[in-house]
Structure formats: C-alpha cells, structure tokens
Amino acid sequence: MTDIFADLMWRGLIHQTTADDRLPEWLNTGSRTVYAGFDPTADSLHVGSLLPLMMLRRFQKAGHRPIAIAGGATGMIGDPSGKSAERNLLSSDQLKANLQGIESQMRLMLDFECGATSAILVDNNDWMSQFSYVEFLRDVGKNFPVNVMLGKDSVKSRLTSEAGLSYTEFSYMLLQAYDFVHLNREYGCELQIGGSDQWGNVTAGIDLARRMHGAHLFGLTCPLLTKTDGSKMGKTESGAIWLSSEKTSPYDFYQYWVNVADEDAGKCLRFLTELELEELQELDQSRKESPHLRQSQKRLAESITTMIHGDAGLAKAKQATEIFFGAEIQALSDAELGQIFADVPSNAMAFEVLSENGYSLIDALVVSGLCKSKGEARRTITEGGAYVNNRRVGEVEAALKRENLASESMIVLRRGKKKYALLRFE
RNA sequence: GGGGGGUUACCGAAGCGGUCAAACGGGACAGACUGUAAAUCUGUUGGCUCAGCCUUCGCAGGUUCGAAUCCUGCACCCCCCA
C-alpha cells in the first residue's frame, strides 16, 4: 500500500489535518473511503477543481475509495466561504444538467470501474430532499451550537461585511456537515478532504458525526492553488479555463499551462501532476538554469492536457501551437486548417472576389473582425501588425488573390501576435 | 429657498474665440527586445472614397467670417448658506 500521506506531504499538499498523530497510520493500514465536494454551478468544472480531483485520484491510486459529491443541495444554497456576496440560486433543472456534465469530466480522472475502490459520484440532493424542515432541525440543527457557528471564519467575515449573510447561507455549514455524516453511515466514509478554505465546514462535519453517532472521523485540507501574486489560478482576462473542450478548446487549455509563470510552475507540477520527485527536481533545476527553455511549463501542459483531453487532444493542441507560432502557412488542406483553427472565428465569401484585382486586405481585416474600422485596419498594416498566412504584409493597398490561399479555399489572417481569423472562399 | 462650481474622446484630466480631431496621464492596440514571460523602449489610439473630406467637447437654440471656448434655455452632478 502506497504511503499516501508521505506522498502528499512532500508535494506540499497538506495544509491542515485533524488527528495528526493517528491519520497517517490509519491511512496506511487499510483501504479507506474519502470524499471531496464539488461545485455544481456550471455544466463543466474548471481548472480550480483540478486540485481536489487530483487529490481523490491520488487516494484512489493509493488503494482508497474516492467519493465525489457534486452538491445539488448545497449548490442550491451556496457556500459563503470566501465569497463576498450572496450567490445566485440555481434552478433544479439547471443543476441536473450541470451534474451530468461534471460527471463525464470526473471519469477522466477517476476510475469508476475497478471493483472495491471504484469512485462514486453522489448528489446530496438525493438525501437532503428527503428531509422535512422540521426533521432537519430536530435531527441535525439541534447539534449545532450557534455560538460555535458564529466563530467560524466564513461566518465571521461576512457578518462584519456590508453584504451581510442570509439565513440560508448561514445554514450551509449544516448541510455540508450532514453530508459527511450521511456518507459515513452509507459508505463508511471517514475522511473528508478539501481546500484550506473548507476547514470550518470539514470540522463541522466531524463534530456533527461525533455528536450524532459518537463516530470519529478525519479531515484533511490542502493549500489553495494560487498564483504568487495571490490571485486565483485558472482565470484569464477572457474568463475561466474550463475542462470542457466546448468551453475552452484543447489548444487554449494547453496554452494556459504553457504560459504559467516560472514562480508558479513548481507548485503546479507538484499539485496537479503525478510526476515523481526526481523529475520534479530536475525541472526545478532546469527552470533555474535555463528558464527560457520553459521545460516545466511544457511538461505541465502536456501532463494535464493529456489527462483532460487525451493523447489526441494534446496532439491537436501541439500541432496548433506549431502552426500558430511557426512560419508561413501554406500547402495545407482545408481539413487540416479547419482542425487547427477550429476555435478561430471564420467568415465565408464568394470565391470570385479573389480574381482580378483581388480582395482588399483592409476590407478583409474588417470583415474578419480583427479590426473595428478601415482606419484601424490601415493603421494595423502600417504598424506591421497584419499578417496573411503568418507572413507580414506591410502594404496598405495589398489585396488577397488566389495565390494567397493557404489551402484549397482558405486564407489565414492574423493581427499582432496571437489574434487569428480564417477566411473561406467558396 | 438663496449662492457658487461642474458636465471634454475608453477612463482621468488640460483647453476658455481661430494655429483643436483637441495637450498630458492611464488603459488598449501594434512594433522592437525576449522565453508565446516580466520589465523596458518606440509608435498608434473618431470615421471615410485618407496630401482631402465628414462627424465629435452634456442637450437644444443663438451671437460671430469662425465656437469645445461667448450668450439663452433644458437636463444631470457637486459644494456652500438657510
């Protein structure tokens, strides 16, 4: 049996645990059942969920059974931890759709068919909806001293803030605590893991189980995956990075990791990949001695992209990367180009415009959406920021003609470093 | 109720009769450098049929050869006195 605790330790994945003295041994002397909660507010998980999912994965590989709980019930309420304002409530239809999407993504990382340690995905709405309000108050609420609840950081910070805290959110803790009790009773689950911001909720569950059944459960929190500047991982100017290829293309996903700052790379590698210590140290070394090679980032991007989008997804992302940052694009087929530039905006127009005098580059830049006006297009060209098939074009009066086709019917326009658009002539 | 100040381009902020498509700063966009980074440097930043023309300075009118700049009315905002 792998010493999961030691593994987590050297990776820096342990922030706080309960029963420090007994937990490591307990984990190493039998197959245990552990659980972590996930946020069902969208139909896809985003990069922020990778860490807890990886945690479950590590536990499963070490011979334990993981339970992922996508909180249909708690999702309807909203966890006040770390939130500055009341959350919008979700409709139950929306939730159902979200849970479905999330499950398919979990299958990428957890094994749901491997016998005794198969992963389980549960929805706490299944049991919470059985409760009547009065029953819940009698069985669960009775065991929660309000003075203790008021002492939790998540509550305290909101009470003093302007946004305040609704009774609903205040009760969130009870729901999550009861989840633990329920999973303990139904599945023999004895360990809850979560981010360090979940500490209050985790211990609330442990307390509740002790009061209700005299059970002794465990809790373990891992650090939050934040950048060195303190901001959250997985956010860009254009929004969150999702695991779903519909929302974030494999290329963008791959690129996100390739662009991780040097200071954050080591942590990401330790937290989000299964690379062994030896390789991690080599990468640390490489980052220090030859940062320009960015081996850490590349390894990180490869590892995570493969896990989420498979070998095919990685291959596509890398191919696109080569083209995007490569030399002139030419002699490709429509199919190849279409693949590579799948998420790039494209416009179709008549083939004939390429004949004779051709199609003015200025118009093309505007039509493609790369420039807002002809004036801007003109400027862009003058500044040297306009490219046709990755080759800079500096003449304002340039026109696109047949010989500019990169494939049977397409021309690739680019503005600046990374903004692409595809023109199709049919 | 009385008195005073403001409203300028994506944002902040100059301009106070012509040389104003409007200084300056920020942001944004390009370029150089580089590691697809950071920092730095340079350029651009209303539209077009682009050596020219057209529309912008809260809104509507007016004075003037000529207004973002002066006058009148309207709207919104701020401050002071009651």
Side-chain angles (χ1 to χ4, degrees), chain A residues 47 225-239 241 248-269 282-305 313-329 340-345 353 357-399 412-421:
Chain A
V47 163
L225 182 55
T226 50
K227 296 191 207 167
T228 310
D229 66 12
S231 63
K232 272 192 193 143
M233 203 76 207
K235 296 255 190 244
T236 65
E237 315 80 54
S238 42
I241 302 293
T248 301
S249 73
Y251 169 75
D252 286 331
F253 187 83
Y254 178 83
Q255 282 293 318
Y256 178 76
W257 299 110
V258 167
N259 282 313
V260 165
D262 291 359
E263 310 82 71
D264 301 323
K267 202 160 146 190
C268 286
L269 282 164
E282 280 170 24
L283 288 170
D284 289 346
Q285 194 69 15
S286 157
R287 212 158 54 241
K288 225 158 86 191
E289 285 166 6
S290 31
H292 58 283
L293 295 179
R294 286 176 312 128
Q295 283 174 335
S296 294
Q297 283 89 341
K298 284 176 188 161
R299 194 72 185 83
L300 176 69
E302 267 170 34
S303 169
I304 303 182
T305 307
L314 175 66
K316 254 166 63 180
K318 287 179 93 165
Q319 194 191 4
T321 300
E322 269 174 45
I323 300 273
F324 277 33
F325 294 96
E328 184 169 354
I329 300 169
I340 295 164
F341 292 91
D343 9 279
V344 151
V353 300
N357 297 329
Y359 189 54
S360 125
L361 179 57
I362 291 176
D363 288 338
L365 285 169
V366 175
V367 166
S368 66
L370 290 178
C371 294
K372 283 202 282 288
S373 69
K374 292 191 184 181
E376 193 175 284
R378 224 178 288 270
R379 250 177 268 132
T380 300
I381 299 172
T382 319
E383 290 167 349
Y387 302 78
V388 173
N389 299 327
N390 266 357
R391 174 195 251 166
R392 179 179 290 166
V393 175
E395 303 84 48
V396 178
E397 301 306 330
V412 181
L413 290 180
R414 181 178 128 207
R415 177 184 181 192
K417 276 236 166 76
K418 301 185 193 176
K419 277 189 297 263
Y420 280 87

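Protein chains get the first letters and strands the later ones, always in sequence-line order, with residue 1 at the start of each.
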Please determine, for rA28(B), whether a Watson-Crick or G-U wobble partner exists with both distances under 3.5 Å, and give it or none. rU44(B)
Taking a pair to mean Watson-Crick or G-U wobble geometry with both distances below 3.5 Å, rU36(B) pairs with none
Same-atom distance (P) from rC41(B) to rG26(B), integer angstrom: 10 Å
Which part of the nucleic acid, if any, lies within reach of Arg415(A) when heavy atoms closer than 4.0 Å are counted: base, sugar-phosphate only, or nothing? sugar-phosphate
For Arg287(A), enumerate each residue passing the side chain to side chain donor-acceptor pair (under 3.5 Å) test, keeping only those at least two apart in sequence or located in another chain. Asp284(A), Ser296(A)
What integer number of Å spans the C1' atoms of rC57(B) and rG46(B)? 12 Å
Contact class for Arg287(A) (heavy atom, under 4.0 Å): base, sugar-phosphate, or nothing? nothing
Euclidean distance for P, rG58(B) against rU69(B) (whole angstrom): 8 Å
rA9(B) and rA21(B): how far apart are their C1' atoms, nearest whole angstrom? 9 Å
Taking Thr305(A) for the side chain and Ala301(A) for the main chain, is one N or O donor matched with an acceptor at less than 3.5 Å? yes
Considering only the P atoms, how many Å lie between rC33(B) and rA67(B), rounded to the nearest integer? 49 Å
Kindly give the heavy-atom pair with the smallest separation between Glu376(A) and Leu370(A), and that separation in Å. OE2-O, 4.1 Å
Do you know which of Leu314(A), Val258(A), Thr248(A) makes side chain to side chain contact (heavy atoms under 4.5 Å, CB included) with Phe253(A)? Thr248(A)
Closest to the 5' end of RNA chain B, once Gly375(A) and Lys298(A) are matched to their nearest nucleotides, is Lys298(A)
Heavy atoms only, 4.0 Å cut-off, all strands: where does Ser290(A) land among base, sugar-phosphate and nothing? nothing
Outermost RNA chain B nucleotides near chain A [under 4.0 Å, heavy atoms]: rC29(B) to rC50(B)
When the ring planes of Phe324(A) and Tyr251(A) are compared, do they come out parallel, tilted or perpendicular, using 30° and 60° as the limits? tilted
Answer with base, sugar-phosphate or nothing: what part of the nucleic acid does Tyr256(A) contact at a heavy-atom distance below 4.0 Å? nothing
pair_partner(rA22(B)), Watson-Crick or wobble, both distances < 3.5 Å, evaluates to none
How would you label the contact of Glu376(A) with the nucleic acid (heavy atoms, under 4.0 Å): base, sugar-phosphate, or nothing? nothing
Quote, to the nearest angstrom, the P distance that separates rA38(B) from rC48(B). 31 Å
Can you tell me the pairing partner of rC76(B) across any strand shown, Watson-Crick or G-U wobble, with both distances under 3.5 angstrom? rG6(B)
What distance, rounded to whole Å, do you find between the two P atoms, one in rU56(B) and one in rC24(B)? 24 Å
Taking any strand in view, what nucleotide pairs with rC16(B) in a Watson-Crick or G-U wobble way, both distances under 3.5 Å? none
Within the structure provided, determine whether Ile381(A) and Leu365(A) are in side-chain contact (heavy-atom separation under 4.5 Å). yes
Taking the C1' atom in each of rA51(B) and rG61(B), what is the distance between them to the nearest angstrom? 37 Å
N/O donor-acceptor pair under 3.5 Å between Ser290(A) side chain and His292(A) backbone: no
Would you say the side chains of Tyr420(A) and Asn390(A) form a donor-acceptor pair under 3.5 Å? yes
Between Arg379(A) and Lys372(A), which is nearer to the 5' end of RNA chain B once each is assigned its nearest nucleotide? Arg379(A)
